[in-house]
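Below is one structure, written out as structure tokens, with a few remarks after it.
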Number of protein chains: 2
Amino acid sequence: MNKEQEICNHALGLFAHYGYRKTTIEDVADAMGMTKSNIYFYFKNKQDLYEKTVAGALSGWRDSVAEAVAAEQDVVEKFRVMAYRSFEYLRAHSDLRTILEKDPGIFTLTPSEDRFREVNMGAMEILKSIIEQGIKENRFHRVDVQHVTEFLFSVYIMFLIRAYVKSEGSTVATMYEEGVELAVRGLRK
Amino acid sequence: MNKEQEICNHALGLFAHYGYRKTTIEDVADAMGMTKSNIYFYFKNKQDLYEKTVAGALSGWRDSVAEAVAAEQDVVEKFRVMAYRSFEYLRAHSDLRTILEKDPGIFTLTPSEDRFREVNMGAMEILKSIIEQGIKENRFHRVDVQHVTEFLFSVYIMFLIRAYVKSEGSTVATMYEEGVELAVRGLRK
DNA sequence: TATTTGAACAAATAATACAAATATTCAAGT
DNA sequence: ACTTGAATATTTGTATTATTTGTTCAAATA
């Protein structure tokens, strides 16, 4: 593993625990056993470190979902697996979860303000290609792909956030499941 | 119109324009042509004035939607009318819209923290009774009424807010329409 | 009696200045 | 290519005072 990634891994835990403001470059340097000035050899500034840390964590999330989806054949199962794997992943990765709670702006949904557009677009592409496959196989209604994708993506993000902001816990999980099945029936012919 | 309502009407515009903190009791009093101490004859304190102002505006919204829904017979049409009337109402009432943007906590959705539980519950009841009617008439799937209601209600709130936060304008409106039709297909047998 | 007011007081906010912590740069060392 | 220590630039914290705003209340008014 290269050193940028190593720094990001340590920074992720610190940002999650203390938040952006309370985490100092020196904290990160200490965790790495180096001096703070050396962090600047790898990152432009604190903001840059934060963004690359978050972007890396989001990419890991997206890749995990993409892998699970690729393992399924049936398009309806792909959809369900995508929905549930995302949920599971966040449950298991508390650092990323905590950061999403502390910095809700990570999911701005208005593309022009999205600080992580690239990786978020990638996540949306997974959903989009499932819907396209469903239509091509004549198993989904011929919906407006772009708008339905955006609709479902924002609903999905909202629930992932909501589920972990307060420990609304099982109620939201049940709501989410009902929502997923509702969406499946809405898509399916 | 009684004076409490009159004060609330003026306060609504001021809260919308300046926000809770920047709006002073004196601003409200001036708008009414009275002194600030007299406001305390009608309201316990500033917080009380704000809550009653917002609750009143929310009630007006809910009543407008309830009226439109009651005028329809067909349960699917009821659902659509509910969705679209809500949207229209917010488009037309920019003060309420602005307040919802400035104070997203108005829709906390975790009932224990909901400052406007009574009126929000009333709004959710409209949706719930539509779903119940659909099931009773054997036109909707036998879903988990409570959870599906909560799911759709939070999606619906999210979009109403989103649609007006930035002027994402027509894109969100189209997304919303696609979402409504997706939900209709998901509910309908 | 129901409303309204002005004056007084309490609480929150704004403004200021100084001290401490933190971010960032950079020349020099490994 | 990588790391460091020291220096500088920014931001944040604290303590103080001034100003604004929220709230109360006894007296006035209608």
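Residue numbers start from 1 in every chain, and the chains themselves are labelled A, B, ... in the order their sequence lines are given, proteins ahead of strands.
- For A/F151 and B/F159, the distance between ring centers is under 6.0 angstrom.
- A/K22 has its NZ atom 10 Å from the C1' atom of C/dA21, to the nearest Å.
- One donor-acceptor pair, N or O on each side, does fall under 3.5 Å between the base of C/dG6 and the side chain of B/S37.
- Under the 6.0 Å distance and 45° angle rule, B/K52 does not count as a cation-pi partner of B/Y42.
- Distances were taken from every side-chain heavy atom of A/F41 (C-beta onward) to each of C/dA14, D/dT4, D/dA1; the shortest belongs to D/dA1.
- For D/dG22, the OP1/OP2 oxygens have no side-chain nitrogen or oxygen of B/R21 closer than 4.0 Å.
- Residue A/N38 is classed as a base contact, given a heavy-atom separation below 4.0 Å to a base.
- Whole-Å rounding puts the A/F43 CZ to C/dA23 P distance at 15 Å.
- Between the P atom of C/dT22 and the CD1 atom of A/I39 lies a distance of 15 Å, rounded to the nearest Å.
- B/Y42 comes within contact range of the sugar-phosphate backbone alone, with a heavy-atom separation under 4.0 Å but no base atom that close.
- Aromatic rings of B/Y156 and B/F153 (six-membered ring for Trp) have centroids within the 6.0 Å cut-off, being under it.
- A/N45 has its CG atom 12 Å from the C1' atom of C/dT25, to the nearest Å.
- Taking only side-chain atoms of A/M34, from C-beta outward, the nucleotide of C/dT5, D/dT4, D/dG22 with the closest atom is D/dT4.
- Sequence order on DNA chain C of the closest nucleotides to B/K36 and B/K3 puts B/K3 first from the 5' end.
- In this structure, A/Y40 atom OH and D/dA7 atom P are separated by 18 Å, rounded to whole Å.
- The environment of A/E77 atom CD is dense: over 12 non-hydrogen atoms of other residues, nucleotides or ligands sit within 6.0 angstrom.
- Rounded to an integer number of Å, the gap from OH of B/Y18 to P of C/dT13 is 19 Å.
- The distance between atom CD of A/Q47 and atom P of C/dT22, rounded to the nearest whole Å, is 18 Å.
- When all heavy atoms are compared, the tightest approach of B/S64 to B/Y89 is OG-CD1, 3.4 Å.
- At whole-Å resolution of the value, CG in B/L49 and C1' in D/dT23 are 14 Å apart.
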